[in-house]
Amino acid sequence: MRIRTILLAASALVLAAGPAFAAPKKVADPAAALQQRLLTLDTHLDTPASLAFPGWSIMDAHTVAQDYTQVDLPRMKQGGLDGGFWAIYTPQGPLDAESTRKARDFAFLRASAIREMVAAHPESFALASKAADAAAIKASGKRVVYLSIENAWPLGEDSTLLRSFYAMGVRIAGFAHFRTNQFADSSTDKAKWDGLSPLGVQLLAEMNRLGVVPDLSHSSDRALDDALRLSKTPLILTHSGCKAVFDHPRNIDDAHLKALADAGGVIQINSVYVKDLKQSPERAAAMKALEAKYPEDKTLTAAERQSMLAERHAIDAKYPEVRATFDDVMANLLHALKVAGADHVGIGLDWDGGGGVVGLEDIADLPKITKALLAAGYTEADVARIWSGNVLRVLAAAEAEAEREKR
């Protein structure tokens with residue numbers, strides 16, 4: 001009887017105590033916590049294209065399922081993305097003077113849109129011009145905005161025009177895109193220059209003089225060879241992959257990867273060219289028709305954009321996309337780390353420009369990469385270099401060369 005009385009009394013105490021005896025709260029994911037502490041930069045954000053969408057705001061929460069976008073301020077906070085290099089992307093067009101002038105104007109407007117985003121939300125974003133700025137901006141609670149150029153076609157035949165873009169905040173610039181242009185052979189087009197053109201060599205020298213990091217993503221292997229031979233500063237591949245994992249012209253072979261690392265450069269792994277994927281002929285035809293109806297260089301009205309989204313959703317439902325996975329991205333990242341080392345690898349996932357895979361849909365999923373790197377045996381110091389330290393080292397080297405040439 002006494003034992004039963006004691007047990008009943010103990011039960012009463014448990015019930016009265018309530019939360020003190022409740023199940024322990026779930027411990028936060030250490031990788032997610034680390035992600036928030038780290039300075040996390042992505043070197044290829046195509047998000048400036050989203051700024052042109054009618055009614056779309058970087059301040060609002062969006063979803064991939066809703067409008068296919070992958071970066072906004074709420075998701076930056078959720079995934080621990082502190083910012084990065086916001087791309088001025090211009091799709092390659094004809095090389096005649098009139099087309100190039102239009103491309104120049106488009107590129108300046110895109111650069112202005114990035115700066116206007118910062119000016120409109122000074123409590124949330126800040127422009128960065130030096131490598132040292134990024135840590136200070138993170139410490140202030142704001143997001144880091146460097147500018148970059150994807151495709152130098154808008155510069156025409158005047159490499160000194162890069163000075164104007166530098167003044168607007170450009171600190172990384174690429175030479176070509178999917179097609180060969182006046183500066184370099186593209187990795188996905190026929191060669192014209194056997195690497196960099198004479199204008200491309202001039203542009204490289206101008207990058208070195210200004211303190212702009214040369215980006216050889218999209219350029220041919222021979223163009224990379226030329227840049228490795230001629231550049232006075234380390235190079236970057238802002239969004240590329242490894243041919244040893246997926247043999248695609250956009251990716252880099254191990255020999256070039258080692259040469260890039262030996263020269264102090266960095267490869268930033270993307271999430272597009274990570275696996276050989278073959279879409280159904282029906283989907284390919286439907287997507288081609290959609291792109292022709294709504295070309296990427298056309299500014300859509302609100303109604304046109306809603307129609308485009310509805311048609312895209314219908315295509316996805318009728319002809320589901322064959323997609324790569326998170327493991328495919330990690331295979332590229334881990335291979336690059338094995339070949340080049342943790343001092344020469346970073347991350348540029350091509351968000352809002354075709355990036356994203358199953359399990360890594362948008363920037364909210366970034367802690368998964370950190371968790372996988374830690375599980376693979378990389379230290380927190382390694383992960384910090386991968387997420388930002390390496391690209392900032394390369395940018396600092398470009399700044400030092402610019403100072404040297406100025407003197």
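If you're wondering where the values come from, they're calculated on a predicted model, not measured in any experiment. Atom set for the values below is all heavy atoms of this structure, side chains included, hydrogens, waters and symmetry mates excluded.
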Ignoring hydrogens and geometry, is there a side-chain-to-backbone donor-acceptor pair from [X] to [Y] under 3.5 Å?
X	Y	answer
Ser271	Val329	no
Ser186	Ser219	no
Asp316	His313	no
Asn251	Tyr273	yes
Asp82	Leu41	no
Ser129	Gly169	no
Asn181	Ala184	yes
Arg393	Gly264	yes
Ser307	Ala303	yes
Asn151	Thr90	yes

Only distances under 3.5 Å count here; give the side-chain donor-acceptor pairs of residues 30-38 to other protein atoms, sequence neighbours excluded, each with its distance to 0.1 Å.
residue	atom	partner	partner atom	Å
Gln35	OE1	Thr370	OG1	2.5
Gln35	NE2	Thr40	OG1	3.0
Gln36	NE2	Lys77	O	3.0

I need the minimum non-hydrogen distance between [X] and [Y], along with the two atoms involved.
X	Y	result
Arg110	Pro48	CD-CB, 3.5 Å
Gly355	Gln70	O-NE2, 2.7 Å
Asp352	Asp46	O-CB, 3.5 Å
Ala342	Leu337	CA-CD2, 3.7 Å
Ile269	Ala336	CD1-CB, 3.8 Å
Gly359	Asp365	O-OD2, 3.8 Å

Quick one: are [X] and [Y] in side-chain contact, heavy atoms under 4.5 Å?
X	Y	answer
Glu282	Lys318	no
Leu127	Leu147	yes
Ile149	Leu162	yes
Tyr294	Leu300	yes
Phe178	Gln92	no
Glu311	Gln306	no
Val266	Asp343	no
Asp42	His239	no

Flag the pair [X] and [Y] as a salt bridge only when some basic side-chain nitrogen lies within less than 4.0 angstrom of an acidic carboxylate oxygen.
X	Y	result
Arg323	Glu361	yes
Glu123	Lys142	no
Arg171	Asp133	no

Rounded to the nearest 0.5 Å, what separates atom [atom1] in [X] from atom [atom2] in [Y]?
X	Y	atom1	atom2	answer
Met117	Ile114	CE	CD1	7.0 Å
Leu237	Ser217	CG	OG	4.5 Å
Asp362	Gln78	CG	CD	7.5 Å
Met59	Phe125	CE	CZ	6.0 Å
Asp185	Thr188	CG	OG1	10.5 Å
Ile347	Leu349	CD1	CG	6.0 Å

Centroid-centroid under 6.0 Å between His62 and Trp56 rings =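 Yes; Trp56 has its ring centre under 6.0 Å from that of His62.
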
For residues Phe85 and Tyr146, establish whether the separation of their ring centroids is below 6.0 Å.
-> yes

Test side chain to side chain donor-acceptor pair (under 3.5 Å) applied to Asp158 and Thr160, step by step | CA-CA 5 Å; Asp158 182 9; Thr160 64; 2.4 Å; yes

Before giving the answer on ring pair (Phe, Tyr, Trp, His ring centres under 6.0 Å), spell out for Tyr89 and His177 the whole-Å C-alpha distance, their side-chain angles and the decisive distance to 0.1 Å.
-> CA-CA 9 Å; Tyr89 161 62; His177 196 243; 4.8 Å; yes

Please tabulate, one pair per line, all N/O donor-acceptor pairs under 3.5 Å involving side-chain atoms of residues 196-211, not counting sequence neighbours.
residue	atom	partner	partner atom	Å
Ser197	OG	Gln182	O	2.6
Ser197	OG	Phe183	O	3.2
Ser197	OG	Leu199	N	3.2
Ser197	OG	Gly200	N	2.9
Glu206	OE1	Arg209	NE	3.4
Glu206	OE2	Arg163	NE	2.7
Glu206	OE2	Arg209	NH2	3.0
Asn208	OD1	Lys232	N	2.9
Asn208	ND2	Ser231	OG	3.4
Asn208	ND2	Thr233	OG1	3.4

Take Val213 and Leu235, measure what side-chain contact (heavy atoms from CB on, under 4.5 Å) needs, and give me the verdict at the end.
-> CA-CA 6 Å; Val213 180; Leu235 309 176; over 6 Å; no

Would you find more than 12 non-hydrogen atoms of other residues, nucleotides or ligands less than 6.0 Å from Gln66 atom CD?
-> yes

Check step by step if side-chain contact (heavy atoms from CB on, under 4.5 Å) holds for Gln268 and Ile236.
-> CA-CA 8 Å; Gln268 306 283 119; Ile236 193 167; 3.9 Å; yes

Between Ser50 and Thr69: side-chain donor-acceptor atoms closer than 3.5 Å | no

Residues Asp215 and His44: side-chain donor-acceptor under 3.5 angstrom = no

Using distance only, find each side-chain donor-acceptor pair of residues 100-109 under 3.5 Å and give its atom names and separation, not counting sequence neighbours.
residue	atom	partner	partner atom	Å
Thr100	OG1	Asp96	O	2.9
Thr100	OG1	Trp153	NE1	3.4

Please report the C-alpha distance between Asp276 and His248 in whole Å, then the side-chain angles of each, then the deciding distance to 0.1 Å, and finally whether the side chain to side chain donor-acceptor pair (under 3.5 Å) criterion is met.
-> CA-CA 8 Å; Asp276 190 9; His248 189 281; over 6 Å; no

Would Thr301 and Arg305 satisfy side-chain contact (heavy atoms from CB on, under 4.5 Å), going step by step from the backbone distance to the final call?
-> CA-CA 6 Å; Thr301 66; Arg305 175 155 171 76; over 6 Å; no

Tell me, with the steps shown, if Val245 and Val274 meet side-chain contact (heavy atoms from CB on, under 4.5 Å).
-> CA-CA 7 Å; Val245 178; Val274 295; over 6 Å; no

